[in-house]
Protein chains: 2
Amino acid sequence: MPHPSRPTVTLHDVAAAAGVSVATASRVLGGSSRTVAPEYERKVLAAAAELRYTSDMSARAMRRKSDSIALVADDLTTPTIGIVVAAMERQARTVESFVSVSSTGGTPERQYETVRTLCALRPQALVLTSSRFEAKALGGRLLDELLAYEQQGGRVVVFGNTDMPFDSITVDDRGSARPMGAHLAQTGHQRVVILAGPRDKANVSARTSGFVEGLLSGGVDAQDVRIVNCEVSRQGGFDATTRLIEEGLGQVEAIVAANDLIAVGALSACRAGGVAVPSRVSVAGFDDIQLAVDVTPRLTTVALPLAEIGAESIRLALAPRSGAEAPAGPGAGGPTRETVLGTLVVRDSTTTRTS
Amino acid sequence: MPHPSRPTVTLHDVAAAAGVSVATASRVLGGSSRTVAPEYERKVLAAAAELRYTSDMSARAMRRKSDSIALVADDLTTPTIGIVVAAMERQARTVESFVSVSSTGGTPERQYETVRTLCALRPQALVLTSSRFEAKALGGRLLDELLAYEQQGGRVVVFGNTDMPFDSITVDDRGSARPMGAHLAQTGHQRVVILAGPRDKANVSARTSGFVEGLLSGGVDAQDVRIVNCEVSRQGGFDATTRLIEEGLGQVEAIVAANDLIAVGALSACRAGGVAVPSRVSVAGFDDIQLAVDVTPRLTTVALPLAEIGAESIRLALAPRSGAEAPAGPGAGGPTRETVLGTLVVRDSTTTRTS
DNA sequence: TGTGTGACGGAATACGATTTCCGTGCAGGT
DNA sequence: ACCTGCACGGAAATCGTATTCCGTCACACA
């Protein structure tokens, strides 16, 4: 709160102390194109250091382009978003801008409200991350707001699946899951249970499709693949697996889950039920969260390049606008949509079967 | 980037559209004390909605007190900070302000640089979190900067141990560790190994002291408590415990670690070495990270009230200045220093011994 | 009916920085 | 010696909003 209380030191003070005009002081301290006599430059620098001058970004923002980037996320407590944010920070730092972060809890209302608040800060760019960002949410009010922001010269980048017409970077869940299915098939797993989340979660069901495709391509019979829906959490995986074990695992040789949390639950249920992993049954997950290497046996999973995604979001956000040309043909020069693939990480929770 | 490109809609535009003066429009939209005629109010509101007007916070910040709070943290990827940040967000929202977050990697240089950058944004308050914030770091430059900021009306709150003269909220590591030691003693553990971190980490060594105090108070013989220094990580715990097992555990009945990560490593080493937990040896940690309930057996630990700490930091940051009185007596009216205690959480990795 | 008073709209100014524009002094060419 | 142009410091305009100050109008009271 600088202004109510007076003792803030302003550019004016620095100029006075250095015995020059504010214009000169500004040119020295603000990195101007104009040159200043070395003698004056030295004086200004000395005065600024002496007075501990820091320029007021609010005032500065009124004349030059802002250098902040705003990130809107569902939840900052998940380990994955932490890694993405850290990478964004690092990347932003290389171009002298900085990132401010807000979380929305995932509700469209709070997303809308947060976006409005952040737009008021006139950031250079807005990066949105959500499991679900829908154009039609709130009757399109969110989309309208974002479009208006973009028309005012802002830049919007979405990390995640979205039908909004902005630059986006998404994980190819299906394509990333396919190698996992293929790997399990190649290592001799014939009968597989897939612990899928609920049917309506888009990224989760894409992973299930990928698993299935990979398994079939590896020669597994479609009849031998069983899909079990469960809650997306450790408990969900635990419960579903416990039920499986109670029913009798039968010929099942592998359990592959839509994410690591579910897989860890499955692992836990196996231990509780006396089912050896990986000798009796292999278990695999998706995401490569920190926990995956902390459990025993260490979890085979699919690693996502989260750091690269974070850095790339910032790069996209700062890149010169791609769709600058007039809206000519339909679909011509639309938003750039990047897709990244995860990589299979084989650890100790799966093995090779020779049966 | 609002200003280079013109199409930003300003208060002036709204006023023109509504057929009133900017002063009136400002009074309606900016929550002024002055009243305006309902008819005009309606017109302004309509115009603002029509034009999708959002006030420019940079410009607004020049006239009224800012409503942003800046958080400086070492690392945003740790699970604990995530919970704290989420709670801060929630708390800030209740007073119409918002939090922006930056990470420093823990180096004093980046801390200094980050603080300078954030001070330039003239936030309402600055919340610092670090494992170590030292007054003398960088020859006191960081401290000087913060003092200057406070003199300009800002507010500084530190979460963590610090010798800086600011309001702070810290975890009483020693006091929180004591009940753990006492509990182990009361449940019949006679010989205990403490996996302490390196000697020079303040909070970690405070925990070690607490463990020892608790154990002794519960009747354990000082001769039977062994302190083993190790790296603060899962691997550190694993290595130290593996070494212990190789040497032969002897009479050791409990291993208590300075944090959960170390304890999880110990757990893992026990499993690898065929040492049953908790039947052969009990294992306990400190922090209650998410992982603590994800491992098997679920870890007995000390839970820290992170959400309360986050909320309280914001409350402190927004509270009217406490040390407002002139610096009268030495130590009189100094910064308020709050201390919080963790609570013992007993789970499956410890048991009661009757030997 | 005259006058004090409170309500309220609008012009002007402040906020702290950047940038444009202007004026001056000095160097160099003819 | 005079004119041209460059370099550079300083006054002033500017950015978008909040607020102060002033003027007007209506209402109420005597």
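Both backbone and side-chain heavy atoms feed into the values below; hydrogens, waters and symmetry mates do not. Keep in mind that this is a model prediction, so the values were computed, not measured. Order of the sequence lines sets the chain letters (A, B, ...), proteins ahead of strands, with each chain counted from 1.
- Look at CE on B:M57: it is 11 Å from C1' on D:dT17, rounded to the nearest Å.
- Annotation for B:D67 and B:Q124: closest pair CA-NE2, 3.3 Å, computed over non-hydrogen atoms.
- In this structure, B:S21 does not reach the C:dA11 phosphate: none of its side-chain N or O atoms is under 4.0 Å from OP1 or OP2.
- Among the atoms of the strands shown, only primed sugar atoms or phosphate atoms (P, OP1, OP2) are found under 4.0 Å from some heavy atom of A:A37.
- With D:dT19, C:dC8, D:dT17 as the choices, the nucleotide that has an atom nearest any side-chain atom of B:T35 turns out to be C:dC8.
- Spacing between atom CG of B:L11 and atom C1' of D:dA18 amounts to 9 Å, rounded to whole angstrom units.
- The local environment of CD in A:E109 is crowded, with over 12 non-hydrogen atoms from other residues, nucleotides or ligands closer than 6.0 Å.
- Of all nucleotides listed (D:dT17, C:dG9, D:dG16), D:dT17 comes nearest to the side chain of B:Y53.
- Contacts of B:V22 with the nucleic acid, taken as non-hydrogen atoms under 4.0 Å apart, are absent.
- Side chains of B:S66 and B:R122: a donor-acceptor N/O pair is absent below 3.5 angstrom, by distance only.
- Side-chain atoms of B:A59 lie closest to D:dG16 of the nucleotides C:dA17, D:dG16, D:dG9.
- The separation between B:D56 atom CG and D:dA18 atom C1' is 13 Å, rounded to whole Å.
- Here D:dG16 presents its P atom at 16 Å from CG of A:L121, a figure rounded to the nearest Å.
- For the pair B:T24 and C:dG10, the criterion of a side-chain N or O lying under 4.0 Å from OP1 or OP2 is met.
- The nearest whole Å value for the distance from the CZ atom in A:R63 to the C1' atom in D:dA13 is 8 Å.
- Distance NZ (A:K43) to P (D:dC8): 16 Å, rounded to an integer number of Å.
- For the residue pair B:E89 and A:S103, a side-chain donor N or O sits within less than 3.5 Å of a side-chain acceptor on the partner.
- Regarding contacts with the backbone of D:dA7, every side-chain N or O of A:Y40 stays at 4.0 angstrom or more from both OP1 and OP2.
- One can place CG of B:L51 at 14 Å from P of D:dG16, the figure rounded to the nearest angstrom.
- Evaluation of atom-type donor-acceptor distances gives no pair under 3.5 Å for the side chain of B:R122 against the base of C:dG16.
- What separates CZ of A:R34 from C1' of C:dT20 is a distance of 10 Å, to the nearest Å.
- Contact check, B:R60 against D:dA18: a side-chain N or O comes under 4.0 Å of OP1 or OP2.
- When only modelled atom types and interatomic distance are considered, B:S130 and B:D74 share a side-chain donor-acceptor pair under 3.5 Å.
- In the set C:dA17, C:dT18, D:dT17, the nucleotide with an atom closest to the side chain of A:S26 is C:dT18.
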